[in-house]
Amino acid sequence: MNELSTPQTTPSWRACKAAQQPSYPDAAALAAVTADLRTRPPLVFAGEVDALRRAMAKVERGEAFVLMGGDCAESFADNTANNIRAKLQTVLQMAAVLTYGASTPIVKIGRMAGQYAKPRSSDTETRDGLTLPAYRGDAVNDHAFTPQARTPDPTRMLDAYLRSGTTLNLIRSFTMGGYADLREVHSWNRGFTANPAYKRFEAFADEIDRAMRFMAAAGVDFDALRQVDFYAAHEALLLEYEDAMIREDSRSGRLYSTSAHLLWAGERTREPQDAHIALLAGVHNPVGVKIGPRTTPQEVLALVDRLNPQGDPGRLTLITRMGADRIRQALPPLIEAVQADGRPVSWVTDPMHGNTITTANGYKTRRFDTIMDEVRGFFEVHRAAGTHPGGIHVELTGDDVTECLGGGEHIDEATLARRYETLVDPRLNHQQSLEMAFEVAEMLSR
Ligand code: PEP
Ligand code: MN
């Protein structure tokens with residue numbers, strides 16, 4: 001049995017430039033929290049992380065497709081059983097549809113159990129003449145607009161750790177205890193396509209029905225399919241937290257991040273020589289990097305050099321977030337550079353972050369059609385290049401929120417006010433998420 005222990009040294013990111021870090025008023029309090037975190041049990045285990053790396057290697061080869069989904073920012077207040085279950089159910093329903101469309105396994109990854117820290121475009125926020133630190137996620141400070149709430153508090157990292165652990169515990173019991181039963185998940189999807197607004201997907205659901213009857217007739221053991229692998233991922237933003245969660249695997253001597261199976265660096269913290277990439281370079285997990293429309297081929301190759309110098313399979317995922325109007329021009333040169341380089345990457349589309357707009361009535365939102373246009377652009381570009389469109393990364397929730405415009409329910413600007421609940425970016429609601437899954441499944445099956 002391999003053990004994970006607290007290492008003597010962690011990756012040397014401290015000498016590097018570090019963007020987007022909170023300024024804690026009390027250095028001793030911060031040191032006490034990280035010392036405490038270093039003694040805590042890992043949230044994920046090396047064997048699971050290795051399994052995800054093998055799954056990601058299949059994605060690189062076009063033998064599997066990734067679905068990553070969850071909140072932009074998890075919150076402590078929404079860390080409830082119902083919320084977790086609804087998100088998990090949404091991802092499982094999407095995955096069932098995508099499995100049929102792709103005819104390959106779907107690697108299911110929640111933006112869950114640790115997505116508690118956010119990069120912000122400004123360090124401060126001003127309201128009615130009062131300027132306070134920006135909200136940086138529940139692991140850092142509280143969303144309420146008061147000086148006390150907005151002051152970064154390191155003890156919130158302990159709360160984030162514990163909530164991540166209980167979230168993972170619930171996910172593990174749901175996915176191991178039969179909640180992910182394909183027959184059940186399919187029947188939820190039938191409920192969705194029975195809604196007149198989504199009638200156009202009924203034929204596709206009928207096909208899945210027939211496939212399931214065929215499987216049953218051929219003697220497939222559905223009971224053996226009741227358990228699924230479900231992985232957790234979040235943005236590796238808070239360097240002190242991530243550093244404190246690194247453990248050494250006794251068998252291999254390798255360092256693993258044990259805060260999640262997969263970590264990614266955001267568009268704002270992905271400078272190849274900076275601290276976040278240095279930290280990710282030092283752990284054995286599969287890692288992702290978000291890349292926006294201004295990314296150059298040289299930058300992408302520098303990231304490959306830093307994060308996957310040997311070209312190991314399953315290690316690096318490039319999550320493109322270009323914007324629907326730019327992906328068709330911005331992505332091809334990056335793909336070309338990676339192809340010429342030869343080291344493997346998996347390509348995933350985040351069709352959310354390049355398509356954020358603000359409505360006249362002041363809501364930060366995204367249009368469902370624009371999001372789908374970026375996904376279509378992603379497929380077009382990869383098909384033209386002969387590379388694999390490896391997956392989708394989406395901000396979603398299992399609830400009936402009204403944060404993104406459009407979709408079968410035709411959410412309009414006035415409707416946004418009804419249930420706009422996100423603390424940071426707008427999420428697809430349950431129905432919009434399923435609608436996306438059916439549309440992507442159709443793209444995959446072509
Ligand atoms: C995010 O995923 O919430 C995010 C901030 O994305 P990006 O780094 O791509 O802007
Ligand atoms: Mn976001």
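Every heavy atom of this structure was used, including side-chain atoms; hydrogens, water molecules and symmetry mates were not. Numbering of ligands and ligand atoms starts at 1, following listing order.
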If you measure every N/O of Glu267 against every N/O of ligand 1, is any gap under 3.5 Å? yes

Do any nitrogen or oxygen atoms of Lys290 come within less than 3.5 Å of a nitrogen or oxygen of ligand 1? yes

Taking the N/O/S atoms of His353 one by one, which is nearest to the Mn ion (ligand 2)? NE2

Which of the N/O/S atoms in Glu395 sits closest to the Mn ion (ligand 2)? OE2

Using non-hydrogen atoms of the residue, decide whether Glu395 is closer than 4.0 angstrom to ligand 1. yes

Is there a heavy atom in Met352 that sits closer than 4.0 Å to ligand 1? no

Looking only at non-hydrogen atoms, find the nearest pair between Val185 and Gln93 and report the distance. CG1-CA, 3.6 Å

Between Val66 and Val59, the two heavy atoms sitting closest are CG2-CG2, 3.5 Å

At what distance, to the nearest 0.5 angstrom, does CG of Leu98 lie from NZ of Lys108? 9.5 Å

Of all protein heavy atoms, the one nearest atom 3 (O) of ligand 1 is Lys118 NZ, 2.7 Å

Provide, to 0.1 Å, the distance between atom 9 (O) of ligand 1 and the closest protein heavy atom, together with that atom's residue and name. Arg321 NE, 2.7 Å

Within the 4.0 Å heavy-atom shell around Gly266, which atoms of ligand 1 are there? 8 (O)

Enumerate the atoms of ligand 1 whose separation from the nearest heavy atom of Cys72 is less than 4.0 angstrom. 3 (O)

Is the backbone N or O of Thr10 less than 3.5 Å from a side-chain atom of Asp243, with the two atoms forming a donor-acceptor pair by type? no

Please work out the angle at the Mn ion (ligand 2) defined by atom OD2 of Asp425 on one side and atom SG of Cys72 on the other, rounded to 10°. 90°

Report the C-alpha separation of Glu125 and Arg127 in whole Å, then their side-chain angles, then the decisive distance to 0.1 Å, and conclude whether the salt bridge (charged side-chain N to carboxylate O under 4.0 Å, His left out) test is met. CA-CA 7 Å; Glu125 186 181 340; Arg127 286 191 208 167; 3.0 Å; yes

For the residue pair Arg247 and Tyr256, would you count it as a cation-pi contact if the rule is NZ or CZ under 6.0 angstrom from the ring centre and within 45 degrees of the ring axis? no

Please say whether the positively charged group of Arg163, taken as NZ for Lys or CZ for Arg, lies over the ring of Phe76, i.e. under 6.0 angstrom from the six-membered ring centre and within 45 degrees of the axis. yes

With heavy atoms only and a cut-off of under 4.0 Å, state how [X] meets ligand 1: side chain, backbone, both or neither.
X: Arg111; answer: side chain
X: Pro119; answer: side chain
X: His353; answer: side chain

Relative to each other, are the rings of Trp347 and His382 parallel, tilted or perpendicular (30° and 60° limits)? tilted

What class does the angle between the rings of His261 and Tyr231 fall in, given that below 30° is parallel, 30 to 60° is tilted and above 60° is perpendicular? perpendicular

